[in-house]
Protein chains: 2
Amino acid sequence: MTQTAGKSRDRISRRQVDKFAERRAQLAASALQTLSELGYARTSLREIAQNSEFSHGVLHYYFRDKVELITYCVRQYKAECVTRYDQIIVTAGSAEELKQGFAAAMADTLREEATMHRLWYDLRNQSLFEESFREDVLDIDQSLERMIWRVVSHFAELVGSPPVLSPPVAYALFDGLFQQALLRYLTGRDTAADDLRKGVEHLLGQLVVDA
Amino acid sequence: MTQTAGKSRDRISRRQVDKFAERRAQLAASALQTLSELGYARTSLREIAQNSEFSHGVLHYYFRDKVELITYCVRQYKAECVTRYDQIIVTAGSAEELKQGFAAAMADTLREEATMHRLWYDLRNQSLFEESFREDVLDIDQSLERMIWRVVSHFAELVGSPPVLSPPVAYALFDGLFQQALLRYLTGRDTAADDLRKGVEHLLGQLVVDA
DNA sequence: AAGAAGTCTTGACGACTGTCCAGAAGTGCC
DNA sequence: GGCACTTCTGGACAGTCGTCAAGACTTCTT
């Protein structure tokens, strides 16, 4: 009796928690959509609510304040972002295949997720001014660094020579390449994605000795 | 008579124009100061005025609106920014000297102008959302790209081998390196500047064949 | 059926924003 | 000194912002 009651309560409670979490995720998705369109500086809670199917008051039912909402958004962004390239690493059989696959994946990301990535750079920069998101941003940045390093080190393995630089430097180089490509892509240069692909291929080849 | 009157008017007019321009520059300096401290998103005209010795109303006497003020700031930032490394290029006698001088200069810039550069990245990112500053931002970016290329190509000359990549890619790599170092520097890692120096030295060495 | 709990809307609040303007203060000329 | 012009101040404006709370609506429990 107590068990079933307990189970019942737990099930309900969990269901409610799940629904609560689901709605949080749903609202965060609307927020990410709005942020990626307007940028951090011009995004208001009312604008976010208008991009969802709810009114602006509901945001404070699911999030304590704006900082918690955006922090939640940043974390949600990370979840889908970091694992993107891991598929390529495991499926690549040769160094050449990995190189071309990775370069093509970055170019595709540029083409399909440009606005999300300009948001990422926007938020990363915000963290240099406000301390609120800093921890989460640094966490994502490290994840990206590790992801890049998995590519580089696996490529080095396939080639049979060690990488010639450290994980932070490798990440910085690819990130610089991507960011510059993003700038060009969003300002209308239609060769940006393909230039990025070539640049990434070239760079990866240079990162191991005798490649 | 007409001449002297004309001259007089011109002199006065020019003096007034100069004073007008001087005050614009002065206010822009206050604005840059404020922007570099708070970031674009949180900087208001009243805050800028409070960081100057004037009241907030005067900003609209010297600038049509906020966009014109910030555009002017961006251009003023550029003026002192772009020529920074050219001195090193001309004075460097050997490849090794250029490499070390350039790397040390970048590390010094990181240490001494960190907040200004986080503003630069902030504004560059803003230009991906708003079209207002885009033209000026792209102009600065190209200037920086040319500056980097002067270093790289001169280094290649001193070494005696051609560079192995294009100006945009070279700029993207050094920019990525600097931005990552900035992130680390502003989040308290005290090895950031020296790591940047080493990274730049290493990268520059790799950019020419047989270096 | 009725109440309890969860969910959502609506309107209000104080604070802050960019912009504008009337007038004070300063400056140089006759 | 008085006058024209530039420069600057401080307040007012309409709008937007984040936040909050009162109440309506929905969903579940008993």
Side-chain angles (χ1 to χ4, degrees), chain A residues 1-2 4-27 30-31 34-35 38-73 126 130 132-133, chain B residues 1 4-28 30-31 34-35 38-73 126 130 132-133:
Chain A
M1 203 48 173
T2 358
T4 54
K7 266 165 97 177
S8 173
R9 251 188 272 114
D10 282 351
R11 200 178 51 211
I12 290 165
S13 167
R14 211 176 324 125
R15 191 188 296 161
Q16 283 169 351
V17 167
D18 284 355
K19 194 184 175 189
F20 193 81
E22 267 179 36
R23 185 116 306 166
R24 274 168 73 95
Q26 180 184 359
L27 289 170
S30 295
T34 309
L35 283 163
L38 300 180
Y40 175 80
R42 297 194 301 173
T43 296
S44 69
L45 294 181
R46 283 173 171 82
E47 197 82 31
I48 292 173
Q50 235 165 1
N51 268 18
S52 78
E53 47 179 345
F54 302 99
S55 69
H56 69 272
V58 82
L59 288 169
H60 280 86
Y61 182 76
Y62 288 98
F63 298 95
R64 198 186 329 114
D65 54 17
K66 195 184 181 184
V67 170
E68 192 191 274
L69 168 59
I70 296 194
T71 301
Y72 186 91
C73 285
Q126 284 306 313
E130 300 184 50
S132 331
F133 328 126
Chain B
M1 200 47 171
T4 54
K7 267 165 94 177
S8 173
R9 252 189 271 114
D10 281 353
R11 203 178 48 213
I12 290 167
S13 169
R14 211 178 321 126
R15 192 188 294 159
Q16 284 169 350
V17 167
D18 285 355
K19 196 183 174 188
F20 193 81
E22 267 179 35
R23 185 115 308 164
R24 273 169 73 95
Q26 180 185 359
L27 289 170
S30 295
T34 310
L35 283 163
L38 299 180
Y40 174 79
R42 297 194 301 173
T43 296
S44 68
L45 294 181
R46 283 171 171 81
E47 197 82 31
I48 292 173
Q50 235 164 2
N51 267 20
S52 78
E53 47 179 345
F54 303 98
S55 70
H56 70 271
V58 84
L59 287 168
H60 280 87
Y61 182 76
Y62 288 99
F63 299 95
R64 197 184 331 114
D65 54 16
K66 195 184 180 184
V67 170
E68 192 190 273
L69 168 60
I70 296 194
T71 301
Y72 186 91
C73 285
Q126 284 306 313
E130 300 185 49
S132 332
F133 327 126

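The chains referred to below are lettered A, B, ... by the order of the sequence lines, with proteins before strands, and numbering in each begins at 1.
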Say you draw a straight line from [atom1] of [X] to [atom2] of [Y]; how long is it, rounded to the nearest 0.5 Å?
X     : Y     : atom1 : atom2 : answer
B/L35 : B/I70 : CG    : CD1   : 5.5 Å
B/E47 : B/S52 : CD    : OG    : 11.0 Å
A/N51 : A/T43 : CG    : OG1   : 9.0 Å

| task | Identify whether NZ of Lys or CZ of Arg in A/K66 sits under 6.0 Å from the centre of the six-membered ring of A/Y40 and within 45° of that ring's axis. | result | yes

Grab the [atom1]-[atom2] distance between [X] and [N] for me, whole Å please.
X     : N      : atom1 : atom2 : value
A/L59 : C/dT9  : CG    : P     : 10 Å
B/E47 : C/dC16 : CD    : P     : 10 Å
A/L38 : D/dT16 : CG    : P     : 14 Å
B/L45 : C/dA15 : CG    : P     : 21 Å
B/F54 : C/dG26 : CZ    : C1'   : 12 Å
A/Q50 : C/dT10 : CD    : C1'   : 14 Å
B/H56 : C/dT17 : NE2   : C1'   : 11 Å
A/F20 : D/dT27 : CZ    : C1'   : 16 Å

| request: Please list residues of residues 60-71 of chain A whose heavy atoms come under 4.0 Å from any atom in DNA chain C, ordered by number; otherwise none. | output: A/Y61, A/Y62

| remark: With the side chain defined as heavy atoms from C-beta on, A/S44 is closest, among D/dT9, C/dG18, D/dG18, to D/dG18

| query | Relative to the ring of B/Y61, is the ring of B/F20 parallel (under 30°), tilted (30 to 60°) or perpendicular (over 60°)? | reply | perpendicular

| Is there a donor-acceptor pair closer than 3.5 Å between any side-chain N or O of B/D18 and the backbone N or O of B/A21? | no

| request: Select base, sugar-phosphate, or nothing to describe what B/S55 touches, counting heavy atoms under 4.0 Å on all strands. | output: base

